[in-house]
**Q** 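The structure that follows is given in the form of structure tokens.
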Protein chains: 2
Amino acid sequence: MSKQLPVLTDDGAGCCAPIAQMPLPAEHAARLARAYKALGDPVRLQLLSLIASHPDGEACVCDITAPFELTGPTISHHLKVLREAGLIAGERRGTWVYYRPVRETITELSTLLVLPQAAATVS
Amino acid sequence: MSKQLPVLTDDGAGCCAPIAQMPLPAEHAARLARAYKALGDPVRLQLLSLIASHPDGEACVCDITAPFELTGPTISHHLKVLREAGLIAGERRGTWVYYRPVRETITELSTLLVLPQAAATVS
DNA sequence: CGTCTGGTTCGACAAGCGTCTATTCAAGGA
DNA sequence: TCCTTGAATAGACGCTTGTCGAACCAGACG
């Protein structure tokens, strides 16, 4: 019965304890909800997955546009939403633009949803 | 209120590997995005936190309505969104209705955002 | 029975969001 | 220099969403 809490030392990003630990303050809820909302679209979720699962740790826009039956501007719009949510970061190198996942933000969202061990129902 | 939910017991909390492991298939992305979208509102995020952090493991609607400056119907609407996303489950006992978090779904969303260790680049 | 209280459903409205076409910008190559 | 390609921006359109007041349902209690 070891009680171990995953101590995460995220400077700035991971400011909040998991949702089950204490009620989430309103000001943090607003910021975090914006990030979750960015994930609340199937295209964006797949875009993030494509970028995060790319072998090089980053992906060119030209590569991640093809799998979708959407126009360029629409993909660009979704990338902007992910970027402004702090989930990805982009950089232009020559002709192409490369995006990479932002670990701190993604990890923060994951940690927030970690639930404590189910308490064994003692009499 | 009939709970005719198909018993999709996602054992192990989730069918999908973390987003960085492989590109997320479209059909799973749709379902998961619906769940993240439910978290994409500050009120719902706080509602879930209030329910999940309640000592009894469940919370009465009458208790979680007060902290918000919103009308009853609005809170009820948000609870319905969380319920239909599979994040919480409600039960009526006498006069009051109690909600509890659904571990499987919440854990699935958390796991999906777990990133692998930063690869130590080979030279 | 009638009435009160807790919670949900209904209907409506403004604001927000996803998608498109058309346009613009950025960088290279002839 | 002009032209081509990759990507972002601008503007428009229809659908979705958050919120409300009003009405409705479900129990508990005289």
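Chain A is the first sequence line, chain B the second, and so forth, proteins listed ahead of strands; every chain is numbered from 1.
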**Q** Does Gly94(B) reach a base, just sugar-phosphate, or nothing at all? Heavy atoms under 4.0 Å.
**A**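 Counting heavy atoms under 4.0 Å across all strands, the contact made by Gly94(B) is with sugar-phosphate only.
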**Q** Regarding Tyr99(B) and Arg83(B), do their side chains bring together a donor and an acceptor under 3.5 Å, going by distance alone?
**A**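 Distance-only check passes for Tyr99(B) and Arg83(B).
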**Q** Below the 4.0 Å mark, does dG16(C) have OP1 or OP2 next to a side-chain nitrogen or oxygen of Lys37(A)?
**A**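 So the side-chain polar atoms of Lys37(A) never come under 4.0 Å of the phosphate oxygens OP1 or OP2 of dG16(C).
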**Q** Using a heavy-atom cut-off of under 4.0 Å over every strand shown, decide if Arg93(A) touches base, sugar-phosphate, or nothing.
**A**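 The residue Arg93(A) makes no contact with any strand.
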**Q** For the pair made of CH2 in Trp96(A) and C1' in dT4(D), what is the distance, rounded to whole Å?
**A**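 Going from Trp96(A) (CH2) to dT4(D) (C1'), I get 13 Å.
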**Q** In whole angstroms, how far is the P atom of dG18(D) from the CD atom of Glu69(B)?
**A**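 Those two atoms, CD and P, are 19 Å apart.
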**Q** What's the OH-P distance between Tyr98(B) and dG27(D), to the nearest Å?
**A**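 Going from Tyr98(B) (OH) to dG27(D) (P), I get 14 Å.
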**Q** Counting C-beta onward and ignoring hydrogens, is there a side-chain heavy-atom pair between Ile64(B) and Leu79(B) closer than 4.5 Å?
**A**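 A side-chain contact exists here, since the closest heavy-atom pair is under 4.5 Å.
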**Q** Could you check if a side-chain atom of Ile19(A) sits within less than 4.5 angstrom of a side-chain atom of Ser53(B), using non-hydrogen atoms only?
**A**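 No. Closest side-chain heavy atoms not under 4.5 Å.
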**Q** Looking at dA7(D), I'd like to know if its phosphate oxygens (OP1 or OP2) sit under 4.0 Å from a side-chain N or O belonging to Ser76(A).
**A**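 False: Ser76(A) side-chain N/O out of range (4.0 Å or more) of dA7(D) OP1/OP2.
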**Q** Quick check on DNA chain C: between Gly40(A) and Thr65(B), whose nearest nucleotide comes earlier from the 5' end?
**A**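 Its nearest nucleotide lies further toward 5', so the answer is Thr65(B).
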**Q** Just to be sure I understand the rule, does Thr95(A) reach a base, reach only the sugar-phosphate, or reach nothing, if contact means heavy atoms closer than 4.0 Å?
**A**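 Sugar-phosphate: the residue Thr95(A), judged by heavy atoms under 4.0 Å, touches backbone atoms but no base.
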**Q** If you assign Arg92(A) and Lys80(A) each to the DNA chain D nucleotide with the nearest heavy atom, which residue ends up on the more 5' nucleotide?
**A**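 Result: Arg92(A).
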**Q** How would you label the contact of Phe68(A) with the nucleic acid (heavy atoms, under 4.0 Å): base, sugar-phosphate, or nothing?
**A**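 No contact.
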**Q** Ignoring backbone atoms, establish whether His78(B) has a side-chain N or O less than 4.0 Å from OP1 or OP2 of dT19(D).
**A**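 Answer yes for this pair, as a side-chain N or O of His78(B) is under 4.0 Å from OP1 or OP2.
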**Q** Given atom CG of Leu47(A) and atom P of dA8(D), what is their separation to the nearest angstrom?
**A**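 That distance rounds to 11 Å.
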**Q** Tell me what His77(B) touches on the nucleic acid: a base, only sugar-phosphate, or nothing, going by heavy atoms under 4.0 Å.
**A**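 Base contact.
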**Q** Select one nucleotide: of dG18(C), dA8(D), dG7(C), the one nearest the side-chain heavy atoms of Arg44(A).
**A**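 Nearest to the side chain of Arg44(A) among the choices is dG18(C).
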**Q** Is the distance from OP1 or OP2 of dG18(C) to the nearest side-chain N or O of Thr74(A) less than 4.0 Å?
**A**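 No, Thr74(A) has no side-chain N/O under 4.0 Å of OP1/OP2 on dG18(C).
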**Q** Indicate yes or no: at least one non-hydrogen side-chain atom of His28(B) is less than 4.5 angstrom from one of Leu45(A).
**A**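 Of all side-chain heavy-atom pairs linking Leu45(A) with His28(B), none is under 4.5 Å.
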**Q** Tyr99(B) near the nucleic acid: base, sugar-phosphate alone, or nothing, with a heavy-atom cut-off under 4.0 Å?
**A**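 Sugar-phosphate only.
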**Q** Leu87(A) versus Val81(A): any side-chain heavy-atom pair under 4.5 Å?
**A**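 Leu87(A) does not reach Val81(A) side chain to side chain.
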**Q** Starting at CZ of Arg34(A) and ending at C1' of dT17(D), how long is that distance when rounded to a whole Å?
**A**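 Distance, rounded to whole Å: 18 Å.
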**Q** What's the closest nucleotide to the side chain of Val97(B) if the choices are dG7(C), dG18(D), dA8(D)?
**A**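 The answer is dG7(C).
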**Q** Where the side chain of Val61(B) is concerned, which of dG7(C), dT19(C), dA7(D) is the nearest nucleotide?
**A**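 Selected nucleotide (nearest to the side chain): dG7(C).
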**Q** Starting the side chain at C-beta, find the nucleotide from dT8(C), dT21(C), dT19(C) nearest to Thr71(A).
**A**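 My answer, after comparing the listed nucleotides, is dT21(C).
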**Q** Among the nucleotides dA7(D), dG21(D), dA22(C), which one has an atom lying closest to any side-chain atom of Cys62(A)?
**A**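 The listed nucleotide nearest to Cys62(A)'s side chain is dA7(D).
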**Q** Going through the checks in order, is the side-chain contact (heavy atoms from CB on, under 4.5 Å) test met by Phe68(A) and Gln46(A)?
**A** CA-CA 9 Å; Phe68(A) 302 94; Gln46(A) 290 186 86; 3.7 Å; yes
**Q** How close or far is atom P of dG18(D) from atom CD of Glu84(B), stated in whole angstroms?
**A**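 It works out to 12 Å between those atoms.
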**Q** Base, sugar-phosphate alone, or nothing: which one does Ile75(B) contact when heavy atoms must sit under 4.0 Å apart?
**A**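 Since no nucleic acid heavy atom lies under 4.0 Å of Ile75(B), the category is nothing.
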**Q** Ignoring hydrogens and angles, state whether a donor on the side chain of Thr71(A) or Thr74(A) is under 3.5 Å from an acceptor on the partner side chain.
**A**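 The answer is yes; a qualifying pair exists.
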**Q** Starting at CG of Leu70(A) and ending at C1' of dA8(D), how long is that distance when rounded to a whole Å?
**A**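 Rounding to the nearest Å, CG of Leu70(A) and C1' of dA8(D) are 16 Å apart.
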**Q** What is the distance, to the nearest angstrom, from the CG atom on Leu45(A) to the P atom on dG18(C)?
**A**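 Spelled out: CG on Leu45(A) to P on dG18(C) is 13 Å.
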**Q** For the side chain of Leu79(B), counting heavy atoms from C-beta on, which of dG18(D), dG6(C), dT8(C) is nearest?
**A**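 That would be dT8(C).
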